[in-house]
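Down below is the structure, laid out as structure tokens.
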Amino acid sequence: MGRTISLTLGDKTYTLEFNRKTLLKASDTQDKMSASETASERYEILTELVYDALLKNHPDITLEEAGKIFDSIDDLEGFVKALLTVMEDSVNALKEIKGNARWEVK
């Protein structure tokens with residue numbers, strides 16, 4: 001849909017990306033961020049955001065595994081900025097998508 005982030009940890013490569021379903025979940029997660037008060041809360045929320053971005057391409061991943069991946073990221077500030085940019089790009093891409101399913105009210 002939008003851009004992706006490729007992240008390699010050891011011999012495994014992960015693709016972080018959003019689709020409609022994971023974008024809705026990520027949006028709910030991001031809403032929690034504005035209400036968070038402590039660094040610990042923000043860390044947990046960012047871990048959830050990474051988890052949300054992993055779900056499209058890695059549907060069997062767990063929140064715990066996403067947390068381990070998040071813990072391993074270098075340049076965390078740059079990564080978070082990139083992740084939020086990918087999320088924003090995905091929202092913008094959604095606005096441009098024209099579906100092929102036709103519907104009508106009867």
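Values below: all heavy atoms of this structure, side chains included; hydrogens, waters and symmetry mates excluded.
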Are any non-hydrogen side-chain atoms of [X] and [Y] less than 4.5 angstrom apart?
X     : Y     : answer
Leu9  : Lys68 : no
Arg3  : Thr85 : yes
Tyr14 : His58 : yes
Phe18 : Thr22 : yes
Ile73 : Leu7  : yes

Quiz item: With sequence neighbours excluded, what pairs up with Glu44 under the side chain to side chain contact (heavy atoms under 4.5 Å, CB included) test?
Solution: Ser40
Exercise. Begin from the C-alpha positions of Thr4 and Thr15 and carry the test side chain to side chain donor-acceptor pair (under 3.5 Å) through to its verdict.
Key: CA-CA 7 Å; Thr4 64; Thr15 302; 5.9 Å; no
Self-check item: Spacing of CZ belonging to Arg42 relative to CG belonging to Leu49, to within rounding of 0.5 Å
Solution: 14.5 Å
Quiz item: Could you state the interatomic distance from CG (Asn19) to CG (Asn57), rounded to the nearest 0.5 Å?
Solution: 8.5 Å
Nearest heavy-atom pair of [X] and [Y]: which atoms, and what distance?
X     : Y     : result
Leu83 : Ala53 : CD1-CB, 3.8 Å
Ala66 : Leu54 : CB-CD1, 3.9 Å
Ser6  : Thr13 : OG-CG2, 3.4 Å

Quiz prompt | From CA spacing to verdict: side-chain contact (heavy atoms from CB on, under 4.5 Å), Tyr51, Ile69 | solution = CA-CA 9 Å; Tyr51 173 68; Ile69 293 167; over 6 Å; no
Practice problem: Report the residues that fulfil side chain to side chain donor-acceptor pair (under 3.5 Å) with Thr62, sequence neighbours left out, ordered by chain and then residue number. | Solution: Glu65
Quiz item: Taking only residues two or more places apart in sequence or in another chain, which ones pass ring pair (Phe, Tyr, Trp, His ring centres under 6.0 Å) with Phe70?
Solution: Tyr43
Quiz prompt | side-chain contact (heavy atoms from CB on, under 4.5 Å), paired with Leu16, selected from Val50, Val86, Asp52 | solution = Val50
